[in-house]
Amino acid sequence: MAPTRPNTVRRFVSEDVELLDLEPDTHTLLADVLDGLSQQQKTLPCKYFYDERGAKLFEMICDLEEYYPTRTELRILQDNLPEIADHIGSNCAVIEPGSGSGIKTRLLLEQLEMPSAYIPIDVAKEQLLDYAKTLSSDYPDLEVLPVCADFTASHPLPKPNQTTEHQLIYFPGSTIGNFSPDKAVELLTQWRELLGDNGSLLIGVDLKKDRSTLESAYNDAEGITADFNLNLLKRLNRELDADFNLSNFRHHADYDEDTGAIRMWLISEEKQTVKINDSAEVTFDANEAICTEHSHKYSIDDFSELSKKAGWQKNEIWLDKNRLFSLWHLETA
């Protein structure tokens with residue numbers, strides 16, 4: 001798990017919203033980058049995609065024709081909201097790791113009976129603050145408690161003022177696919193232990209499908225996914241004083257049937273050396289690739305077994321008519 005700052009920083013953002021600030025510091029970013037780029041197969045952690053510009057680019061990706069997960073999951077949610085809310089129950093605190101702009105979350109909150117609090121967790125601080133303040137203004141009876149943090153790390157959560165019946169972790173968008181199956185089990189186990197015996201999980205899971213559909217979703221014709229991928233290098237230049245020449249790298253994504261995962265790459269167009277933070281130099285051969293993301297796809301049986309390993313039991317699954325995507329409600333076993 002990634003470390004967070006040793007001292008909790010808490011500050012008031014407005015009259016209605018208070019931020020728990022556990023944003024990972026630059027030393028954590030530098031250590032993660034140098035570790036990833038020192039491997040035989042160079043990697044960069046996908047969690048660092050989401051600076052302010054990266055968060056906005058991802059919102060644009062979600063609107064693309066090729067990118068089916070967002071609109072498909074949204075349709076599943078819209079078609080089944082009353083039933084989903086019945087399964088979750090009343091007076092729950094909703095915790096959302098990687099909350100982003102929260103379009104789907106609004107639909108859920110509006111359907112739930114008397115939600116007691118909403119705790120969004122995200123590393124994109126500016127987007128998180130804007131979202132939390134807007135949501136607090138739109139839902140004045142809902143306590144909104146934003147946390148700026150790496151959601152994969154163990155960290156404290158703010159305690160709502162109102163007593164809650166139970167807690168729900170809401171994890172839409174198939175973000176669980178960014179973790180290897182073993183790491184996904186670790187994360188789901190961590191969340192089960194966090195919630196104890198009285199919690200549940202509503203999670204989006206992208207399903208296995210044909211190669212063409214998958215690869216088109218991550219190699220869009222407008223090149224927005226390429227910009228999103230290359231923006232990671234732009235962030236390293238800004239925050240780590242690196243000197244990546246973005247024109248010397250190109251985006252590519254492919255589907256690996258053996259692992260059931262889409263892989264995103266940044267490929268070096270030529271032999272080159274990059275300096276990072278005056279403390280390291282990284283040499284790339286021509287056509288050498290950095291792996292920036294894995295997005296694992298699952299069958300229903302695959303994810304059922306994975307969630308059982310983490311101590312969750314299936315309550316219900318909702319699918320779209322073409323079986324492209326799935327939304328699961330799991331309970332602590």
Side-chain angles (χ1 to χ4, degrees), residues 29-51 53-58 60-62 64 66-70 98 152 173-184 206 208-240 242-276 280-298:
L29 172 62
L30 177 62
D32 288 347
V33 168
L34 293 181
D35 178 63
L37 295 181
S38 67
Q39 305 301 317
Q40 184 174 0
Q41 170 56 71
K42 292 180 173 67
T43 64
L44 287 171
C46 64
K47 66 185 178 182
Y48 293 121
F49 279 138
Y50 301 97
D51 62 355
R53 182 168 184 266
K56 290 178 180 176
L57 285 168
F58 184 70
M60 294 171 65
I61 288 170
C62 291
L64 292 169
E66 299 99 325
Y67 194 75
Y68 63 86
T70 301
T152 67
S174 74
T175 308
I176 193 64
N178 293 148
F179 300 84
S180 70
D182 287 344
K183 292 296 183 182
D206 200 5
K208 289 181 176 178
K209 57 189 67 67
D210 65 281
R211 176 186 295 274
S212 176
T213 300
L214 287 168
E215 293 188 348
S216 293
Y218 293 83
N219 291 295
D220 64 275
E222 294 183 43
I224 296 175
T225 308
D227 288 345
F228 175 71
N229 204 4
L230 287 163
N231 185 64
L232 178 55
L233 302 185
K234 185 178 290 188
R235 177 178 185 178
L236 302 188
N237 286 348
R238 182 180 68 252
E239 297 188 22
L240 297 182
D243 63 355
F244 286 95
N245 184 340
L246 273 63
S247 64
N248 287 345
F249 290 86
R250 61 181 170 87
H251 161 81
H252 178 68
D254 60 21
Y255 180 56
D256 180 10
E257 291 185 359
D258 291 337
T259 61
I262 280 282
R263 304 173 298 185
M264 288 217 312
W265 309 93
L266 289 170
I267 301 174
S268 177
E269 298 275 42
E270 59 184 51
K271 185 175 178 64
Q272 57 183 307
T273 299
V274 175
K275 293 182 179 180
I276 301 175
E281 290 187 346
V282 181
T283 300
F284 295 87
D285 292 327
N287 295 314
E288 185 176 4
I290 309 170
C291 185
T292 57
E293 182 179 74
H294 285 83
S295 184
H296 291 82
K297 315 303 175 183
Y298 291 96

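The structure places CG of L29 at 4.0 Å from CG of L240, a figure rounded to the nearest 0.5 Å. Interatomic distance, C291 SG to K42 NZ, rounded to the nearest 0.5 Å: 13.0 Å. The line from CG of N219 to CE of M264 is 9.0 Å long, rounded to the nearest 0.5 Å. One distance of note links CZ of F49 with CZ of F58; it measures 10.0 Å at 0.5 Å rounding. In this structure, Q41 CD and L37 CG are separated by 10.5 Å, a value rounded to the nearest 0.5 Å. Note that the CG atom of D51 and the CD atom of E239 stand 6.5 Å from one another [nearest 0.5 Å].
In plain terms, the two heavy atoms of S295 and Y218 that are nearest each other are OG-OH, 3.2 Å. What you find for W265 and A289 is that their closest heavy atoms are CE3-CB, 3.5 Å. Here the closest non-hydrogen pair linking P45 and D32 is CG-CB, 4.0 Å.
Looking at D220, its side chain never comes within 3.5 Å of a backbone N or O of E66 through a donor-acceptor pair. Between the side chain of H251 and the backbone N or O of I224, no donor-acceptor pair lies under 3.5 Å. Judged by distance alone, the side chain of E215 and the main-chain N or O of Y255 form a donor-acceptor pair under 3.5 Å. For N178 (side chain) and H294 (main-chain N/O), a donor-acceptor pair under 3.5 Å exists by modelled atom type. Judged by distance alone, with hydrogens and angles left aside, the side-chain atoms of N231 form no donor-acceptor pair with the main-chain N or O of K234 at under 3.5 Å. In this structure a side-chain-to-backbone donor-acceptor pair under 3.5 Å is missing from D256 to A261. A donor-acceptor pair under 3.5 Å is formed between the side chain of R235 and the backbone N or O of Y48.
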**Study point:** Intermediate values then yes/no, side chain to side chain contact (heavy atoms under 4.5 Å, CB included), F249 and I290
**Key:** CA-CA 10 Å; F249 290 86; I290 309 170; 4.2 Å; yes

Exercise for review: Show your reasoning for whether side chain to side chain contact (heavy atoms under 4.5 Å, CB included) applies to D227 and M60.
Suggested key: CA-CA 11 Å; D227 288 345; M60 294 171 65; over 6 Å; no

Exercise for review: Begin with the C-alpha distance, continue with both residues' side-chain angles, and end with the deciding distance and a verdict on side chain to side chain contact (heavy atoms under 4.5 Å, CB included) for I176 and H296.
Suggested key: CA-CA 8 Å; I176 193 64; H296 291 82; over 6 Å; no

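T213 and Y68 are not linked by any side-chain donor-acceptor pair at a separation below 3.5 angstrom, with hydrogens and angles left out of the test.
A 4.5 Å side-chain heavy-atom check between Y50 and F228 finds at least one atom pair inside the cut-off. The shortest side-chain heavy-atom distance between K183 and T152 does not fall under the 4.5 Å cut-off. Under the 4.5 Å side-chain criterion, counting only non-hydrogen atoms from C-beta, I276 is in contact with L30. Using a 4.5 Å heavy-atom threshold, the side chains of L44 and L236 count as touching. Between R211 and L214 there is no side-chain heavy-atom pair separated by less than 4.5 Å. Residues V274 and D243 are in side-chain contact: their nearest non-hydrogen atoms beyond the backbone lie under 4.5 Å apart.
Dense packing is recorded around NZ of K208, with more than 12 heavy atoms of other residues, nucleotides or ligands lying under 6.0 Å away. By the 6.0 Å contact criterion, CD on E269 is enclosed, its count of non-hydrogen atoms from other residues, nucleotides or ligands being greater than 12.
For D206 and K297, the salt-bridge test passes: some basic side-chain N is under 4.0 Å from an acidic carboxylate O.
Checked options D285, N248, T283; the residue passing with K271 is D285 (criterion: side chain to side chain donor-acceptor pair (under 3.5 Å)). Of the residues T43, N229, L230, L233, the one that meets the side chain to side chain contact (heavy atoms under 4.5 Å, CB included) test with T292 is N229.
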